[in-house]
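Presented below is the structure to which this report refers.
Every value quoted in this text rests on a predicted model; they were computed, and no experiment measured them. When a residue number appears, it is its place in the shown sequence, counting from 1.
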Amino acid sequence: QMQLVESGGGLVQTGGSLRLSCAASGRTFSTYRMGWFRQAPGKDREFVAAIRWSGGSTYYGDSVKGRFTISRDNAKNTVYLQMNSLKPEDTAVYYCAGTTRSSWPLLRQNEYDYWGQGTQVTVSS
C-alpha cells in the first residue's frame, strides 16, 4: 500500500507562483512513477506532469509546459509541482498519483494505482 498526501494549494493571483508537495509513505518510494493531475469543476481530470526515479525523467501536459516543473526528493519520499506564471484556467483541484507500471510516460488516470486527496488551487484574475 502507498499513501499520498498533497499540500501547498491555495489562492494566488494571475502571474503568481505556487509549489505543491506530495508526501508518500507505505512503500519504497523509488519503485513508483509519480504524476500530477488536475480537475476543474465540470471538466475531465487532466494530466499535468509525470516523473520517474530512474534518472528523473519528466513529462508535461501541453497546457502547462514551460510554466510548471515536477521534481522529487528521494530522501524525503516527496514529489513537488512548481507552478509559475499561473493563469485563471489553472484553477482546479490538483491530485498526486503513483503507479507501479513500468511504461513511460503514463498519461491516463486509470494507469495510476494510488491517489492523494487533492489540494485546491485557485488563480484569481
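When atom types are taken as modelled, the side chain of E6 and the backbone of L20 share no donor-acceptor pair closer than 3.5 angstrom. Between the Q13 side chain and the S124 main chain, no donor and acceptor come within less than 3.5 Å of each other.
Not a single ring pair (Phe, Tyr, Trp, His ring centres under 6.0 Å) links W104 to another residue, sequence neighbours left out. With sequence neighbours excluded, the residues satisfying side chain to side chain contact (heavy atoms under 4.5 Å, CB included) with K65 are Y60, D62. Listed by chain and number, the residues in a side chain to side chain contact (heavy atoms under 4.5 Å, CB included) with E111 are R101, L106, R108 (sequence neighbours excluded). Qualifying side chain to side chain donor-acceptor pair (under 3.5 Å) partners for Q3, counting only residues two or more places apart in sequence or in other chains: none.
Ring centers of F37 and W115: under 6.0 Å apart, within the cut-off.
Between the side chains of T78 and D73, not a single donor N or O lies within less than 3.5 Å of an accepting N or O.
For residues 85-98, the pairs satisfying side-chain hydrogen bond (donor to acceptor under 3.5 Å, both in side chains) are R38-D90, R38-Y94, R67-D90, with sequence neighbours left out.
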Which is it for Q82 and S71 under the side-chain hydrogen bond (donor to acceptor under 3.5 Å, both in side chains) test, yes or no, and what are the steps along the way? CA-CA 8 Å; Q82 178 67 45; S71 61; over 6 Å; no
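Annotation for V5: hydrophobic cluster partners, listed by chain and number, are none (ILVMFWY side-chain heavy atoms under 4.5 Å, direct or chained).
One distance of note links SG of C22 with CG of N77; it measures 10.0 Å at 0.5 Å rounding.
Applying the 6.0 Å contact sphere to OH of Y114 captures more than 12 heavy atoms from other residues, nucleotides or ligands.
Considering all non-hydrogen atoms of both residues, A49 and L81 come closest at CB-CD1, 4.2 Å.
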